[in-house]
Amino acid sequence: AVTYLDESTSINKEVKNVLVPNLIQFFGILALLLIYVLNPIITNILTPFNNIMLIVSIILSSLIFLFLLIIFNFLIFLLS
């Protein structure tokens, strides 16, 4: 029984070590997809109000966030 418990805890640790980076990558890719879809929608909504600086700031901030998210996902991929 003791060896079974030791084996099961080691298997649980291995599963967690594999599962956590994959979940982080999955949610990162989901966020990338969401931002890529929402950028044109937000632009189309704000265009009639002639608020170009707001549109530019939203797009730039989302692109910076996407860039950081891509780098983070790539680092997670390299480290896993």
Side-chain angles (χ1 to χ4, degrees):
V2 173
T3 58
Y4 174 75
L5 289 175
D6 289 338
E7 289 176 4
S8 67
T9 55
S10 66
I11 289 173
N12 286 342
K13 287 180 183 179
E14 289 177 16
V15 167
K16 285 181 185 177
N17 287 340
V18 170
L19 193 61
V20 170
N22 288 337
L23 286 175
I24 291 172
Q25 282 183 340
F26 173 74
F27 287 116
I29 291 171
L30 193 65
L32 289 171
L33 179 66
L34 192 67
I35 290 174
Y36 275 127
V37 167
L38 288 180
N39 251 345
I41 294 172
I42 292 172
T43 305
N44 288 337
I45 290 172
L46 294 176
T47 301
F49 299 114
N50 293 328
N51 201 346
I52 301 299
M53 290 308 294
L54 182 62
I55 296 172
V56 170
S57 64
I58 290 173
I59 291 174
L60 280 177
S61 60
S62 63
L63 288 176
I64 290 169
F65 177 74
L66 287 176
F67 180 71
L68 293 174
L69 197 60
I70 289 170
I71 290 174
F72 182 72
N73 277 331
F74 185 69
L75 290 176
I76 292 293
F77 177 73
L78 286 179
L79 296 177
S80 63

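A quick note: this is a predicted structure, and the numbers were derived from the prediction, not measured.
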Handout entry: Linked, directly or transitively: I29 and L19 (ILVMFWY side chains, under 4.5 Å)
Key = no
Problem - K13 NZ to I11 CD1 distance, which is reported to the nearest 0.5 Å - result: 12.5 Å
Problem - F65 with L54, same ILVMFWY side-chain cluster at under 4.5 Å - result: yes
Exercise for the section: Can you measure from CG (L66) to CG (L34) and round to the nearest 0.5 angstrom? Expected result: 10.0 Å
Exercise for the section: Identify the residue among L23, I24, V18 that makes a side-chain contact (heavy atoms from CB on, under 4.5 Å) with V20. Expected result: I24
Problem - Value rounded to 0.5 Å, distance of CG in N17 from CG in N22 - result: 11.0 Å
Practice task
Check whether any side-chain heavy atom of I71 sits under 4.5 Å from a side-chain heavy atom of F67, and report yes or no.
Solution key: yes
Exercise for the section: State yes or no: do L30 and I70 share one hydrophobic cluster built from I, L, V, M, F, W and Y residues joined by side-chain heavy-atom distances below 4.5 Å, directly or via other members? Expected result: no
Problem - Distance (rounded to the nearest 0.5 Å) between L38 CG and L33 CG - result: 9.0 Å
Fill in the blank from the handout: Interatomic distance, OG@S62 vs CG@L69, rounded to 0.5 Å, equals 11.5 Å
